[in-house]
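Okay, structure first, notes after.
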Amino acid sequence: MLRFTGVSQEQLRKSEGVLIPIAPLGVEHLPQILKHLLALSEHDRYLRFGYTATDEHVQRYVDGLNFERDEIYGIFNTDLEIIAMAHLALIKDPGRDFSSEFGVSVAAHARGRGYGARLFERAVIHARNEKVYQMYIHALSENAPMIRIARKGGAKIERDGSETEAYLRLPKRDLDSRVTEFVADQYAKTNYSIKEDAKRFWNFLSKVQEIREGVRDARHQAAE
């Protein structure tokens, strides 16, 4: 209804104090992942990847995503477009403590809503439940939002020139962390299904409107 009245739904959405549906992404979401990352500006790509990533670099990154090993999360808008995304790389080398690396990107128009922090919290829960109790964040020193997220999470911050490294020790998994992840996943799946149904409905309504307009135009032409 808001769409037909011309009111922007994105402007009305607030994240503070609201449960944000964060969906685990799979191979079926690769086109949406690629679209989200390619839409980032040159500077945003620089902050996300640590270098000026071209379209070819982004394509190779997406092609190399390992959905069996890592966790990739996304926040979708009503058009099922990814507006925020996080990549939690799980490192489970034999004979060494398990660790993880976290990276996040948020679409320019969706910033200031706390999506990056929410994705970080979601990644922490999953890492804990996978018995991974160390998280590593590598960011450029100018990437203030990422450093702020790490610092708020209690990470140890080390800076070396233009680069910053953050190390975070995570508490062990418990019943609360497992229940929290289960509820979060179920909520995200339900929310995604509702958005899919809504999108189908609006697409159907749009097609009906196109047919009605076509019939009306044909009648006018016949009358002339």
Side-chain angles (χ1 to χ4, degrees), residues 15 20 22-77 80-93 98-127 130 132 134-168 170:
S15 67
I20 302 298
I22 298 175
L25 305 182
V27 176
E28 67 276 13
H29 297 113
L30 280 173
Q32 292 152 295
I33 293 173
L34 180 61
K35 182 179 179 181
H36 165 72
L37 293 174
L38 288 177
L40 296 176
S41 68
E42 181 178 325
H43 183 65
D44 290 338
R45 293 187 193 185
Y46 177 65
L47 294 179
R48 171 60 183 86
F49 296 105
Y51 60 92
T52 304
T54 64
D55 290 354
E56 291 73 20
H57 291 140
V58 173
Q59 181 69 66
R60 284 200 294 270
Y61 166 79
V62 172
D63 291 340
L65 289 174
N66 188 333
F67 293 95
E68 294 183 2
R69 181 196 65 193
D70 302 339
E71 281 293 311
I72 295 93
Y73 297 103
I75 297 176
F76 293 86
N77 63 12
L80 296 182
E81 297 171 334
I82 295 175
I83 57 176
M85 171 188 150
H87 182 179
L88 176 68
L90 300 176
I91 305 167
K92 296 184 176 181
D93 296 328
F98 294 166
S99 62
S100 59
E101 184 172 352
F102 176 79
V104 65
S105 57
V106 181
H109 70 275
R111 289 172 193 159
R113 306 176 188 178
Y115 288 159
R118 295 299 184 89
L119 286 164
F120 175 75
E121 293 167 1
R122 180 68 185 84
V124 166
I125 288 293
H126 181 74
E130 288 293 312
V132 176
Q134 295 184 73
M135 183 173 288
Y136 166 78
I137 300 172
H138 178 83
L140 296 173
S141 296
E142 62 186 281
N143 193 347
M146 188 71 260
I147 296 173
R148 186 162 53 247
I149 289 172
R151 181 174 285 113
K152 188 175 180 181
K156 178 183 178 182
I157 306 294
E158 294 181 359
R159 296 195 179 189
D160 183 13
S162 63
E163 298 183 349
T164 295
E165 295 181 349
Y167 301 91
L168 181 65
L170 307 179

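Because the structure is predicted, anything quoted here is derived from the model rather than measured. Every heavy atom of this structure was used, including side-chain atoms; hydrogens, water molecules and symmetry mates were not.
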**Prompt:** Hey, are the side chains of Leu25 and Tyr73 touching, using non-hydrogen atoms and a 4.5 Å cut-off?
**Reply:** no
**Message:** Taking Leu90's backbone N and O only, do any of them form a donor-acceptor pair with Ser99's side chain (distance below 3.5 Å, no angle check)?
**Reply:** no
**Item:** For Gly153 against Leu168, the heavy-atom pair lying closest together
**Value:** O-CD1, 3.1 Å
**Request:** Verify, without hydrogens or angle tests, whether Arg48 (side chain) and Val106 (backbone) share a donor-acceptor contact under 3.5 angstrom.
**Result:** no
**Prompt:** Quick one: CD on Glu42 to OG1 on Thr54, what's the gap to the nearest 0.5 Å?
**Reply:** 10.0 Å
**Message:** Other residues, nucleotides and ligands only: do more than 12 of their heavy atoms fall within 6.0 Å of CD on Glu158?
**Reply:** yes
**Request:** Take Met85 and Ile72 through the test side chain to side chain contact (heavy atoms under 4.5 Å, CB included) and record every step on the way to the result.
**Result:** CA-CA 7 Å; Met85 171 188 150; Ile72 295 93; 3.9 Å; yes
**Message:** If you compare all heavy atoms of Leu40 against all heavy atoms of Arg45, which two are closest, and at what distance to 0.1 Å?
**Reply:** O-NE, 3.3 Å
**Asked** With a 4.5 Å heavy-atom cut-off, do Arg111 and Asp44 have their side chains touching?
**Response** yes
**Request:** Heavy atoms only: give me the nearest Leu37-Ser105 pair and the separation to one decimal.
**Result:** CD2-OG, 3.8 Å
**Heavy-atom closest pair, residues Ile22 and Leu119** = CG2-CD2, 3.6 Å
**Asked** For Ala53 and Val58, which heavy atoms make the closest approach, and how far apart are they?
**Response** CB-CG2, 4.2 Å
**Asked** Are any side-chain N or O atoms of Glu101 and backbone N or O atoms of His138, one a donor and one an acceptor, separated by less than 3.5 Å?
**Response** no
**Asked** When the ring planes of Phe102 and Phe120 are compared, do they come out parallel, tilted or perpendicular, using 30° and 60° as the limits?
**Response** perpendicular
**Request:** Measure the OG1-CZ distance between Thr164 and Arg151 for me, rounded to the nearest 0.5 Å.
**Result:** 8.5 Å
**4.5 Å side-chain heavy-atom contact, Lys152 and Glu121** = no
**Polar contact flag, side-chain donor to acceptor under 3.5 angstrom, Tyr167-Glu165** = yes
**Asked** Is Gln134 close to Ile91 at the side-chain level, that is, under 4.5 Å between some pair of heavy atoms?
**Response** no
**Request:** Give a yes or no on whether the backbone of Ile33 and the side-chain of His36 come within a donor-acceptor separation of less than 3.5 Å.
**Result:** no
**Request:** Measure the shortest side-chain to side-chain distance between Met146 and Leu47 over non-hydrogen atoms and say whether it is less than 4.5 angstrom.
**Result:** no
**Asked** Tell me, do His126 and Val132 make a side-chain contact under 4.5 Å, heavy atoms counted?
**Response** no
**Complete:** d(Ile83 CD1, Gln32 CD) to nearest 0.5 Å is 12.5 Å
**Prompt:** Listed by chain and number, what are the salt bridge (Lys or Arg N to Asp or Glu O under 4.0 Å) partners of Glu130, not counting sequence neighbours?
**Reply:** Lys92
**Prompt:** Step by step, would you call Asp70 with Leu65 a side chain to side chain contact (heavy atoms under 4.5 Å, CB included)?
**Reply:** CA-CA 8 Å; Asp70 302 339; Leu65 289 174; over 6 Å; no
**Request:** Check for a donor-acceptor pair, side chain of Asn77 on one end and backbone N or O of Glu81 on the other, with a separation under 3.5 Å.
**Result:** yes
**Complete:** To the nearest 0.5 Å, atom CD1 of Ile82 lies from atom NZ of Lys35 at 10.0 Å
**Complete:** dist Phe67:CZ -> Glu28:CD (nearest 0.5 Å) comes out at 8.0 Å
**Prompt:** Where do Ala110 and Tyr115 come nearest, in terms of heavy atoms and distance?
**Reply:** O-CD1, 3.6 Å
**Asked** Are side-chain heavy atoms of Pro145 and Asn143 found at a separation under 4.5 Å?
**Response** yes
**Asked** Which word best sums up how the rings of His57 and Tyr51 line up, parallel for under 30°, tilted for 30 to 60°, or perpendicular for over 60°?
**Response** perpendicular
